[in-house]
Each structure stands twice: as C-alpha cells, then as structure tokens.
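Contents: one structure, followed by commentary.
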There are 2 protein chains.
Amino acid sequence: MARLKSPSRHALVDSALKLFWKQGYRAVSMGDLVRETGVSRGSIYSDFSGKEALFHACLDRYQEKVVTPAFSVVEEKDAGLRAIRHYLENLLARSEAHRGPDSGCLVLNTLAQVTNEDAETMARLRAHGDRLQTGIHQALARENKKLQRLEDCEVEDLARFTLISIQGLWSQSRGTKDTAALRQYCDTLLDLLATRLGLAGG
Amino acid sequence: MARLKSPSRHALVDSALKLFWKQGYRAVSMGDLVRETGVSRGSIYSDFSGKEALFHACLDRYQEKVVTPAFSVVEEKDAGLRAIRHYLENLLARSEAHRGPDSGCLVLNTLAQVTNEDAETMARLRAHGDRLQTGIHQALARENKKLQRLEDCEVEDLARFTLISIQGLWSQSRGTKDTAALRQYCDTLLDLLATRLGLAGG
DNA sequence: CTTGTTTTGGAATGATCGTTCCAATAGCAT
DNA sequence: ATGCTATTGGAACGATCATTCCAAAACAAG
C-alpha cells in the first residue's frame, strides 16, 4: 500500500496535466506518462486507480493551478468590468508568450472529445462552465448597479454572451498564433460590454 | 484491386463521418466502423489506405455535405448581413432539432484533439477556417459598401470577430442543450454587427 | 550495521488496436 | 449454365494499450 509523498504526487499530476492538455486524454498513453513524469508505473497505480482517475485529478488540478490564478480577479468581491478586462489581458499575455499556437483550454479541449456517458468527466466540465458563468455574471451585475441600464435578466444574458465569446477565444487560440486578432477580438468584446452597460467606449 | 461502387462509398463515408463527428478520431475503432457502416474490413481497406485516410475523406465530405449547404447563403454573390443572419438561424434550427446537446462542429472538435505535427489534417482545418473567414469578410464588405462607415481593415477585423464568435457558438452547442442561450447569443452578435455597420438594430 | 518502508524498473497479462490476407459468397455479364 | 469481379466475414498478425505483479534497489530510522 505504498503512497506517494505529497510533493511527488503534485509533480506527477502537474506533468500529467501538461501532457493531457497538449495531446488530449486518449492520445496520452501510460507509457508516455511514465516517461514524461519520471514516476514509475507502480507508484502511479498506488495513488490512482487508473488512467481515468489520474485524468480527473488533472482536471481538478487545472482548476486550482490554471483557472483560479487567472480568474480570481473576476471573482473578487469588488470586481467589475475592469476585472474582466484584466482577465482577458492576462489571457492575451499568456498566449503571446508562446511562439506557436498554444494548447487552448483543457476543459474545452476535453469537451470536444468526451461522450455524454462519461458522467464523472462531464460533471467537472459543467462545474467549470458554471464557475465562469457565475463569476462573470456577478461582476457584470456589480457594474450594472452603478447606472442600472439593464434588467437583471439582461445582465444574465450578457454574462452568457461573454462566456461563449471567451470559449471562442480559447478555441481560436489553439488554432492560430495570430495574437493580434485575439487582441482585437477582446477589444471588440469589451467595447460591446461597455456599450451595453451604458459606459463610454474604450 | 476491388473498389467500392460510388453509392456504397458515399454511404461508408457518411456513416464514418457520423461516428467521427460524435466521438472523435481516436475514440472510433476500425471495429466500430465495420459494425456501424455495415461495410467489411476488406472493402474499407480497398478504398482507403487506412483509418487516417478515411478520416480525411470524412473531413472533405463534411465540407460538401454539412458546411456548404449551411454556409453557401453567405458565399453567394449578393450576400450581406441578412445572409449571415440566415446562416445563424439555420444553425439554431439545427441545434434545436436535437433533444440533447449536439456534436458541435467536426472541424473544431478535431482542432481540439490534433497535434501540430499532423500536417494533412491541419491543412484541412485551416482551409475550413479560411473559407469561413473569406465568406464572412466578403459579405460584411458588401454590406459596408452601402454606408461606408468602416475602413477596409475594420471590416476585416469585424469578420474575424464574427468568425471567432461562431466558434464559441459551436463550442457551446456541444456542451449544453440550452438553445435559448444560443439564440440570445446570435441576437447579440447580429446586433453588434448591425451597429458597427451603421444600421439600425434588430 | 539492521529493520522496515517506499519506490523502482521491468516482466507478464489480457484486451484491443490497425492492418493484412484470403477462402467463401454474391452479383452480374455473357 | 459459365466466368469475372465485387464484396464479405473472419482469421491472423504484430503493435500497443491499461493494468497487475514482484523482486530488487533506495531510503529512513533504530
């Protein structure tokens, strides 16, 4: 009943996450994981019941290691439209740091491969979507409180619109290295949000 | 040197396309293809050099069987903003016809799974993106000719924005069956386009 | 050192994969 | 009927997969 020590376990999940993120669940073999993570087969199976459980751990780790640092600015108690702008600019900076196209979003990549029967995975994907939707919605609602141009349901619609737009951004970021286009897209999106909320553009 | 007759060949590719669309390239096995298409192993390999070649044929067939019927309205010589609206409404109608979430877009699903080294596949994905980008751009440029509110480069930016937005729409359509949200998203997008082009909203 | 635990590296297993091959069958022309 | 071709169904193959197992090595504590 050997169990990996915590630091080793984190390093394992981090390396596995990187592989799953770039190549997708099915394309990564156990042999790849052993080679890239430097952790032996025995140790992997002593901590995870199998490949799928390890993948789920990676999805969870992705939340705390990637999503939270990027999105927490929107989730803060006083976040408004400015926070959404900061979030998007962080995404752009991250994308521009790569030379080629990046790996996009692990959650959206997974969504494109998973079948509806895989409930465990689907639940995590849905939780991610709900998290973003809620965060954006609250930030927009807070911003709307100032001028009160929109009804509550209109704010919710606008939040959903923003969420889908960001999904398009992620999808595009995996296909192209044209960061100027991504930046222009963010500008247009932010301009739309400002207009709807009754703020001056820019 | 047996070769499938044309109708049989089309039926094979159509069935394979359906599988690849729903489950993704790697999740579909040759056994699945034999079972679902009703075509024997020997016949498949007599017409295609392997699984990958069959998949490429499916990507090509997806263009002519799915993309062209939906997108040709935008590619017509006199297409404008109204054509883009029709295109989007067809997408919504298609999505609403399903009861659960649909399979999204085969091209975008593939983009989320493919690695950059797979040049043959990547070329097809890029061609798809270029096709949509060009069609949208020309339609918007034609619409802009009337009022001439935008510079040429602004029209190109707007076309790119529209393309990415549509990608978000596809991505979302695979994850949720909330067609009302999709419809609202399209409305917002069209409203934005009309505003930018100097037209009255709605 | 010795003892006990953790981790390793790799062999073994059974399943499934893509691919090849071919005798048997079906269809269609003559 | 006879021949020719198209298609089938499935056996066979080697590769690779996820998973299991375990003897050896590494390590920690006494």
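In this text, all values refer to a predicted model and were calculated from it rather than measured experimentally. Note on naming: letters A, B, ... go to the chains in the order of the sequence lines (proteins, then strands), and numbering restarts at 1 for each one.
- In this structure, the CD1 atom of A:Ile44 is 12 Å from the C1' atom of C:dG9, given to the nearest Å.
- Side-chain contact annotation: A:Thr188 with A:Gln184, donor-acceptor N/O pair under 3.5 Å present.
- Here the nucleotide nearest the side chain of A:Ser40, chosen from D:dT19, C:dT20, C:dT8, is C:dT8.
- Nearer the 5' end of DNA chain D, as judged by each residue's closest nucleotide, is the contact made by A:Gly31, out of A:Gly42 and A:Gly31.
- Rounded to a whole Å, the OH atom of B:Tyr25 is 13 Å from the P atom of C:dC17.
- The residue among B:Arg41 and A:Ser49 whose nearest nucleotide of DNA chain D lies closer to the 5′ end is B:Arg41.
- Rounded to an integer number of Å, the gap from CG of A:Leu54 to C1' of D:dT19 is 14 Å.
- Closest contact between the side chain of A:Lys51 and the listed nucleotides D:dA18, D:dT8, D:dG10 involves D:dA18.
- Atoms CZ (B:Arg26) and P (D:dA18) sit 11 Å apart, rounded to a whole Å.
- Ranking C:dT8, C:dG18, D:dA18 by closeness to the B:Met30 side chain, first place goes to C:dG18.
- OP1 or OP2 of C:dT16 has not a single side-chain nitrogen or oxygen of B:Ser29 nearer than 4.0 Å.
- Taking atom CZ of A:Phe48 as the reference point, atom C1' of D:dT20 lies 18 Å away to the nearest angstrom.
- A donor-acceptor pair shorter than 3.5 Å cannot be found between the side chains of B:Ser46 and B:Arg41.
- Contact check, A:Ser43 against C:dT8: a side-chain N or O comes under 4.0 Å of OP1 or OP2.
- Whole-Å rounding puts the A:Leu19 CG to D:dC17 C1' distance at 16 Å.
- Rounded to an integer number of Å, the gap from CZ of B:Arg35 to P of D:dT8 is 16 Å.
- Between the side chains of B:Asp118 and B:Thr115, no donor-acceptor pair is found at a separation under 3.5 Å.
- In this structure, B:Tyr45 does not reach the C:dT20 phosphate: none of its side-chain N or O atoms is under 4.0 Å from OP1 or OP2.
- Using a 4.5 Å heavy-atom threshold, the side chains of A:Glu52 and A:Tyr25 count as touching.
- Between the side chains of B:Arg124 and B:Gln63, no donor N or O sits under 3.5 Å from an acceptor N or O.
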